[in-house]
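To keep things clear, I will list the structure first and then write my remarks on it.
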2 protein chains.
Amino acid sequence: MNVVNESPRRKELTRLAAQLFVQEGFDRTTVRMLAQEMGIKSGSLFHHFRDKQEILAAVIEEGTQNALSLARHALEQCGASPEERLHAMARAHLETLLTDRNAHVVALYEWRRLDSEARAHLSHLRDAYEALWEAVIDEALDGGLIRGDRFLVSRFVMGALNWTVRWYDPEGPRKPEDLAHELIAMIAPSTQAAQAGSTKV
Amino acid sequence: MNVVNESPRRKELTRLAAQLFVQEGFDRTTVRMLAQEMGIKSGSLFHHFRDKQEILAAVIEEGTQNALSLARHALEQCGASPEERLHAMARAHLETLLTDRNAHVVALYEWRRLDSEARAHLSHLRDAYEALWEAVIDEALDGGLIRGDRFLVSRFVMGALNWTVRWYDPEGPRKPEDLAHELIAMIAPSTQAAQAGSTKV
DNA sequence: AGATCAACCAAGCAAGCGCTAGTGTAAACC
DNA sequence: GGTTTACACTAGCGCTTGCTTGGTTGATCT
């Protein structure tokens, strides 16, 4: 068995699993469906993963890791103003959700299907990502870009972002970047973003 | 069998089912779990419902119906200003999600588990509720309370509201009404709500 | 050439799943 | 007082589930 290993094959299988988990949900995805999608028999799956739980854990780890590094990169590239930083975070978040459209979605929507030890092992990753958000939200509050209760504002923003998964149409005209722009225009109406947002309609 | 019937017993069973569906998710909830929660044997369940799908449909119908009538009532009671009406809608929405905390949550989070005929039968209810929201959002846009793209604004707001289910603590100090207030303060900062919101922190 | 190893397969087990069939019973109705 | 009705039970069928076992293959290394 290949449990700890991070072989390229396992990476690829994780990618395919993420896709199915998004399509069907974790519970409805059977090991036989996973195997078929991967072009192998169901028994062979357990050469790469100890059990179904571990597949979920692998997907969620990759999804969060990916979101985290993309967000960090975006923050390094962008300017220093609270608005630019908030925009960079929102854009990065939406791109991992809507363009890649796989592992990060699973991380958000199937988190509670993890057993307690997997949750314990992955929560630090999750916390790191959320800390990034909290910091950027704090800057925006301190800079007067937005107003309100830290706790509530960050959760409302995350809700607006995470819910996009339910209605976003990748074939449509709107890109993740546009969504990020409009969201910030909505909550910070005294900015350039707001002007652009209201005339763009 | 008691399929079309709306007996009081069935109503009660539907309420219990909603609770379990929220706790465990529809897929993970077995008919045996449902039966045990109801104090009967699993076979007896099918005297009240044709199959498990029908239980889900009953829960979702009740949840949406309930949200719809509560929202209508709230709109009748409140004032005529766009802000008051938006607040009334948000508050009603949050109360069905967080206080009742059952059927409406299932309606939002398990909708895609409905088979196609149940979805067809229930979509008009859902549409009616969403139409109510669209109208109130339109008034807020026309009245200059908020700005932006209709489509996006309404979806961002719904996202912020619906995501509360994931983090809200009913034992905590914040009431649904407070959340509604803060959300409106966040997206419409030029109002009384905004002043109250920013000083309240 | 022999040993090693990752990757896979065929076959199937035990448990749990949704659901059915047939029966019992107490209250309600004519 | 006999029939109907609502609600529950027992027992289990047929199927799917996650997972295991024991064995085969072909490439790589020594």
Side-chain angles (χ1 to χ4, degrees), chain A residues 1-60 106 110 112-119, chain B residues 1-60 106 110 112-119:
Chain A
M1 228 177 271
N2 210 352
V3 165
V4 196
N5 194 325
E6 279 293 331
S7 67
R9 183 74 175 126
R10 184 175 148 129
K11 265 263 155 93
E12 192 197 336
L13 298 182
T14 304
R15 231 197 59 247
L16 287 168
Q19 195 182 329
L20 261 181
F21 287 165
V22 171
Q23 249 173 60
E24 306 285 330
F26 176 71
D27 290 326
R28 269 201 147 75
T29 306
T30 69
V31 293
R32 279 166 246 263
M33 291 166 65
L34 286 164
Q36 189 172 24
E37 194 76 8
M38 296 163 177
I40 58 180
K41 300 293 174 177
S42 72
S44 311
L45 245 174
F46 298 91
H47 172 71
H48 301 278
F49 303 92
R50 181 168 26 206
D51 51 26
K52 199 188 167 193
Q53 264 288 316
E54 202 183 70
I55 307 181
L56 178 61
V59 170
I60 290 187
V106 176
E110 308 285 357
R112 66 181 196 145
R113 299 302 169 207
L114 287 172
D115 58 33
S116 52
E117 48 179 320
R119 233 194 314 252
Chain B
M1 227 176 272
N2 210 352
V3 165
V4 197
N5 196 325
E6 279 294 330
S7 67
R9 183 75 174 128
R10 185 174 147 130
K11 265 264 154 94
E12 191 197 337
L13 298 182
T14 304
R15 232 197 60 247
L16 287 168
Q19 194 181 329
L20 260 181
F21 287 164
V22 171
Q23 246 173 62
E24 305 286 329
F26 175 71
D27 290 327
R28 270 205 148 81
T29 305
T30 69
V31 294
R32 281 167 245 262
M33 293 165 64
L34 286 164
Q36 190 174 22
E37 194 78 8
M38 296 163 179
I40 57 181
K41 300 292 174 176
S42 72
S44 311
L45 244 175
F46 297 93
H47 171 72
H48 302 278
F49 302 93
R50 181 165 28 205
D51 50 29
K52 198 187 165 193
Q53 263 289 316
E54 202 184 72
I55 306 181
L56 178 61
V59 170
I60 290 186
V106 176
E110 307 285 358
R112 67 180 195 147
R113 300 302 170 206
L114 286 172
D115 59 32
S116 51
E117 47 180 320
R119 231 192 319 249

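Each chain gets a letter, A, B and so on, in the order the sequences are listed, and its residues count up from 1.
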In the structure I gave you, are the side-chain heavy atoms of [X] and [Y] within less than 4.5 Å of one another anywhere?
{"X": "A/L34", "Y": "A/T29", "answer": "yes"}
{"X": "B/V31", "Y": "B/F46", "answer": "yes"}
{"X": "A/R28", "Y": "A/M33", "answer": "no"}

Please report the distance, rounded to the nearest Å, between [atom1] in [X] and [atom2] in [N].
{"X": "A/L34", "N": "D/dT17", "atom1": "CG", "atom2": "P", "answer": "11 Å"}
{"X": "B/R28", "N": "D/dG18", "atom1": "CZ", "atom2": "P", "answer": "10 Å"}
{"X": "A/F46", "N": "C/dC9", "atom1": "CZ", "atom2": "C1'", "answer": "14 Å"}
{"X": "B/F26", "N": "C/dG18", "atom1": "CZ", "atom2": "C1'", "answer": "10 Å"}
{"X": "A/E24", "N": "D/dT17", "atom1": "CD", "atom2": "P", "answer": "12 Å"}
{"X": "B/L56", "N": "C/dG18", "atom1": "CG", "atom2": "C1'", "answer": "15 Å"}
{"X": "A/E54", "N": "D/dC19", "atom1": "CD", "atom2": "P", "answer": "10 Å"}
{"X": "B/K52", "N": "C/dG16", "atom1": "NZ", "atom2": "C1'", "answer": "12 Å"}

Can you tell whether the side chains of B/R15 and B/E12 come within less than 4.0 Å, N to carboxylate O?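 Looking at B/R15 and B/E12, the cut-off is not met.
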Could you check which of [options] has an atom nearest any side-chain atom of [X]?
{"X": "B/S42", "options": "D/dC19, C/dC19, D/dG18", "result": "C/dC19"}
{"X": "A/R9", "options": "C/dC8, C/dG18, D/dC19", "result": "C/dC8"}
{"X": "A/I40", "options": "C/dA7, D/dG18, C/dC9", "result": "C/dC9"}
{"X": "B/H48", "options": "D/dC7, C/dG18, D/dC19", "result": "D/dC7"}

Look at the side-chain N and O atoms of [X] and state whether any lies under 4.0 Å from the OP1 or OP2 oxygen of [N].
{"X": "B/S44", "N": "D/dC9", "result": "yes"}
{"X": "B/K41", "N": "D/dC9", "result": "no"}
{"X": "A/H47", "N": "C/dC5", "result": "no"}

Position toward the 5' end of DNA chain D (nearest nucleotide), B/G39 or A/G43: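 First, find each residue's nearest nucleotide; the 5'-ward one identifies B/G39.
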On the side chain of B/R32, is there an atom forming a donor-acceptor pair with the base of C/dG16 - under 3.5 Å, no angle test?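 Flag unset: no donor-acceptor pair detected.
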Distance check, rounded to the nearest 0.5 Å: B/F49 atom CZ versus B/T14 atom OG1?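 So the CZ of B/F49 and the OG1 of B/T14 are separated by 3.5 Å.
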